[in-house]
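We name chains A, B, ... by the order of the sequence lines, and we start the count at 1 in each one.
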Amino acid sequence: MPLYFFNTMNRSREEFRPLKENEAGMYTCGPTVYNFAHIGNFRAYIFEDLLRRTLKYFGYKVIQVMNLTDVDDKTIRDSQKAGISLNEYTAKYKKAFFEDLAFLNVEPAEHYPAATDHIPEMIKLIQMLQEKGFAYKAEDGSIYYSIAKFPEYGKLAKIDMENQKSGVRVKTDEYAKDAVADFALWKAWDEKDGDVAWESPWGKGRPGWHIECSAMSMKYLGNTFDIHTGGIDNMFPHHEDEIAQSEAANGCRYVNYWLHCAHLIVNGEKMSKSLGNFFTLKDLKEKNFTGPEIRWILLSAHYRKKLNFTFEDCEKAKALLKKFADFFLRLKTVEKAGKISDKMSEIVKSAQNSFKDAIGDDLNISEAVAALFGLEREANKLMDSGEITKEEASLILEQFKDFDKVLGVLNVDGQEEKIPEEIEELAGRRQAARKSKNFAEADAIRDELKRKGWVLEDTAKGPRLKKIS
RNA sequence: GGCGUGGUAGCCAAGUGGUAAGGCGGGAGUCUGCAAAACUCUUACUCACCGGUUCGAAUCCGGUCCACGCCUCCA
């Protein structure tokens with residue numbers, strides 16, 4: 001089954017053809033570790049996780065690289081403010097970042113290179129650019145990339161630099177550049193940097209932002225690799241600059257497939273640190289939302305569509321996952337003996353095909369999830385009519401585990417809550433009252449159970465207790 | 001100002017030339033002592049608006065309006 005992605009470079013849906021058979025190299029722009037990431041940031045990381053899992057689902061071995069930007073204006077500024085070293089400061093947020101990824105069930109990437117661990121690689125790359133004439137040293141001692149030397153500049157963002165001049169503001173501290181859109185490869189040290197500096201052929205300083213991704217992707221994935229992703233806001237100038245650097249230095253194409261995810265929005269506006277309209281995972285945890293619930297929300301809209309975040313949707317996600325959990329428990333109670341019918345094999349196989357078709361079509365999550373609902377309804381129907389066997393129920397559960405390899409939200413093997421003795425006993429008394437047609441008491445006990453956090457449902461096989469989450 | 005993305009039911013959301021998936025919510029029913037759960041049926045003659053192309057358009061083309069994003073650190 002072919003896999004398709006929407007390639008930002010050509011603005012079209014293309015069949016994925018990796019450089020190496022059965023292997024996909026993927027570079028995903030990671031966080032700047034100066035603060036806790038917010039859920040808008042996590043939308044991107046979850047999209048990348050979905051992409052990663054989809055590639056694996058289609059049989060590819062994935063080599064994923066996610067950079068950690070641990071030196072830039074903000075990390076320097078805030079570490080100074082905190083009165084601790086840059087490393088000490090960023091270590092705290094690196095740790096928090098990995099904890100958050102784990103909470104959201106994001107599979108670890110193969111490499112998490114930090115910028116500060118790759119200064120020599122960056123220096124080497126800048127030297128290559130200098131030798132080839134793409135870089136120049138400005139009056140302030142910084143090294144800049146000359147966009148004029150790279151005619152293809154703007155090909156990703158479809159920006160024609162000729163028409164860009166009027167709107168671009170010029171920062172006063174960047175007076176030294178030849179052209180406004182030229183960007184820094186190496187920033188000469190100034191006193192605001194404090195003790196953050198590395199020796200280089202151009203003197204003391206630190207790398208520019210874009211160079212780390214070019215240098216590190218080259219090191220871990222090669223001069224040309226398959227997939228590069230990030231938020232749409234990274235498309236310009238960051239990814240455009242990466243292309244300029246890498247292609248100028250290596251003389252070959254940088255990336256074959258560019259995938260960008262749209263923003264998480266709040267009340268119609270982009271969720272961002274600067275607007276202050278953001279929520280962190282901590283905020284949501286305090287409201288009792290779980291990792292799978294948050295993951296579901298961030299996953300449930302197509303990655304190239306803006307996703308409006310609301311707490312109402314969080315509640316819906318909670319209810320939806322609860323429904324699936326109940327469904328799995330119900331399947332596990334099936335005891336009827338018998339083989340798997342052809343009809344059942346057909347139903348399950350067809351659901352899997354629909355799912356795979358959809359997720360392989362540029363990660364069409366809506367259609368993919370529709371396959372889950374379809375299979376759930378079929379299974380419920382058959383359980384209602386008692387037509388389903390234990391083996392068939394297992395087959396369905398296995399299929400949901402298969403779906404969850406990609407989705408990572410279902411917890412099919414989730415254990416039923418242990419029922420406390422007190423609750424068990426109340427349920428027993430209620431059943432006795434019910435048998436003797438003392439419905440008033442039976443209902444009263446059911447209400448009491450509800451107050452204690454347990455819902456009692458009468459099924460064909462007798463009462464069933466469910467914990468209210 | 002330049003560039004880009006998008007506007008589909010009460011809400012969320014697929015569908016990109018062949019006659020509107022799915023979820024939530026609403027309505028009616030089956031089951032039940034009653035609930036709950038589950039199931040069944042139902043809920044857009046219509047896809048922001050106006051023209052055009054076509055046997056046929058939500059899908060293609062032109063225009064208009066609206067929203068958001070990028071052009072400055074940003075997932």
Between A:K381 and B:U40, does any side-chain N or O lie under 4.0 Å from OP1 or OP2?
-> yes
Rounded off to whole Å, could you give me the OH-to-C1' distance for the A:Y153 and B:C3 pair?
-> 14 Å
Quick one: the side chain of A:R430 and the base of B:G33, do they pair up donor-acceptor inside 3.5 Å?
-> yes
Taking atom P in both B:U40 and B:C31, what distance in whole Å separates the two?
-> 16 Å
Who does B:C24 pair with, Watson-Crick or G-U, both distances under 3.5 Å?
-> B:G10
A:Y57 six-ring centre to A:K405 NZ/CZ under 6.0 Å and within 45° of normal | no
Can you tell me, in whole Å, how much space there is between the P of B:C45 and that of B:C50?
-> 16 Å
Quick one: label A:L264 by what it contacts on the DNA or RNA (base, sugar-phosphate, nothing), any heavy atom closer than 4.0 Å.
-> base
Scanning all shown strands, the Watson-Crick or wobble mate of B:G1 with both distances under 3.5 Å is B:C71
Using a cut-off of less than 4.0 Å, is there contact between a side-chain N or O of A:K322 and OP1 or OP2 of B:A37?
-> no
Minimum-distance nucleotide (side-chain atoms of A:H263 versus B:C70, B:G33, B:A38) | B:C70
Checking all strands, does A:F373 fall into the base, sugar-phosphate, or nothing category for heavy-atom contacts under 4.0 angstrom?
-> sugar-phosphate
A:F236 has its side chain closest, among B:C68, B:C70, B:C39, to B:C70
Using the P atom as the reference point in each nucleotide, state the distance between B:C47 and B:A9 in Å, no decimals.
-> 10 Å
Just name whichever nucleotide pairs with B:U59, Watson-Crick or G-U, keeping both distances under 3.5 Å, else none.
-> none
Base, sugar-phosphate, or nothing for A:L456, non-hydrogen atoms under 4.0 angstrom?
-> base
Can you tell which of B:A21, B:G33, B:G69 lies closest to the side chain of A:A370?
-> B:A21
Taking only side-chain nitrogens and oxygens of A:R377, does any of them come within less than 4.0 Å of OP1 or OP2 of B:G23?
-> yes
Once you apply the 3.5 Å cut-off to both distances, tell me the Watson-Crick or G-U wobble partner of B:C39, or none.
-> B:G29
With a non-hydrogen cut-off below 4.0 angstrom, is A:A262 in contact with a base, only sugar-phosphate, or nothing?
-> base
Using the P atom as the reference point in each nucleotide, state the distance between B:C24 and B:A37 in Å, no decimals.
-> 12 Å
State whether A:K158 places a side-chain N or O below 4.0 Å from either non-bridging phosphate oxygen (OP1 or OP2) of B:C70.
-> no
Flag yes if more than 12 heavy atoms outside A:K343 fall under 6.0 Å of its NZ atom; otherwise flag no.
-> no
Salt-bridge contact A:K381-A:D384 (side-chain N to carboxylate O under 4.0 Å) | no
For A:K435, which contact category applies under a 4.0 Å heavy-atom criterion: base, sugar-phosphate, or nothing?
-> nothing
So how far is it from A:L104 CG to A:E99 CD, rounded to the nearest 0.5 Å?
-> 12.0 Å
How many Å lie between CZ on A:F328 and C1' on B:A37, as a whole number?
-> 16 Å
When we call it a touch if two heavy atoms are under 4.0 Å apart, what does A:K273 touch: a base, just sugar-phosphate, or nothing?
-> nothing
Paired to B:A48 by Watson-Crick or G-U wobble criteria (both distances under 3.5 Å) is B:U64
Which sits closer to the 5' end of RNA chain B, A:D326 or A:R11, going by the nucleotide each is nearest to?
-> A:R11
Euclidean distance, atom CG of residue A:L298 to atom C1' of B:C12 [Å, nearest integer] = 15 Å
Ignoring the backbone of A:E367, work out which of B:G33, B:A21, B:C71 is nearest its side chain.
-> B:A21
Which is true for A:F42 with a 4.0 Å heavy-atom rule: it touches a base, it touches only sugar-phosphate, or it touches nothing?
-> nothing
Can A:D140 and A:K187 be counted as an ion pair, charged N to O under 4.0 angstrom?
-> no
Looking across every strand, which nucleic acid part, if any, lies under 4.0 Å from A:R330 by heavy atom: base, sugar-phosphate, or nothing?
-> sugar-phosphate
A:E376 CD to B:A37 C1', straight-line distance once rounded to whole Å | 12 Å
Polar pair under 3.5 Å, donor/acceptor by atom type, side chain A:D458, base B:C34 | yes
Using a heavy-atom cut-off of under 4.0 Å over every strand shown, decide if A:G40 touches base, sugar-phosphate, or nothing.
-> base
Across all strands shown, which nucleotide pairs with B:U16 by Watson-Crick or G-U wobble geometry, both distances under 3.5 Å?
-> none
Under 4.0 Å between any heavy atoms, over every strand shown, what does A:N364 touch: base, sugar-phosphate, or nothing? Just pick one.
-> sugar-phosphate
Over how many whole Å does the gap from A:D447 atom CG to B:A35 atom C1' extend?
-> 10 Å
Partner of A:Y257 by ring pair (Phe, Tyr, Trp, His ring centres under 6.0 Å), out of A:F16, A:Y27, A:F6 = A:F16
So what does A:N380 hit on the nucleic acid, given a heavy-atom distance under 4.0 Å: a base, only sugar-phosphate, or nothing?
-> sugar-phosphate
Could you say whether A:D72 or A:L320 is positioned toward the 5' end of RNA chain B, judged by the nucleotide with the nearest heavy atom to each?
-> A:L320
For the pair A:W258 and A:T229, evaluate side-chain contact (heavy atoms from CB on, under 4.5 Å) and give the outcome as yes or no after the intermediate values.
-> CA-CA 6 Å; A:W258 287 92; A:T229 72; over 6 Å; no
Watson-Crick or G-U wobble partner for B:U53, using a 3.5 Å limit on both distances?
-> none
Among B:C24, B:C71, B:A14, which is the nearest nucleotide to the side chain of A:P237?
-> B:C71
Quantified in whole Å, what is the P atom distance between nucleotide B:A20 and nucleotide B:U30?
-> 31 Å
If you measure from the C1' atom in B:C61 to the same atom in B:A28, how many Å do you get, rounded?
-> 46 Å
Would you indicate which nucleotide in B:G33, B:G23, B:G7 comes nearest to any side-chain atom of A:K305?
-> B:G7
Ring-face cation contact, A:F311 with A:K287, 6.0 Å cut, 45° max = yes
Can a salt bridge be assigned to the pair A:D447 and A:R451 using a cut-off of 4.0 Å between side-chain N and carboxylate O?
-> no
If the C1' atom of B:C41 is compared with that of B:G6, how far apart are they to the nearest Å?
-> 35 Å
Counting any heavy atom closer than 4.0 Å, what does A:H238 reach on the DNA or RNA strands: base, sugar-phosphate only, or nothing?
-> nothing
Distance, P atom - from B:U19 to B:G56, rounded to whole angstrom | 16 Å
Check: B:C34 base within 3.5 Å donor-acceptor of A:R446 side chain = yes
Euclidean distance, atom CD of residue A:E240 to atom C1' of B:U72 [Å, nearest integer] = 16 Å
Which part of the nucleic acid does A:M271 contact within heavy-atom distance under 4.0 Å: base, sugar-phosphate only, or nothing?
-> base
salt_bridge(A:E152, A:K155) N-O dist < 4.0 Å | yes
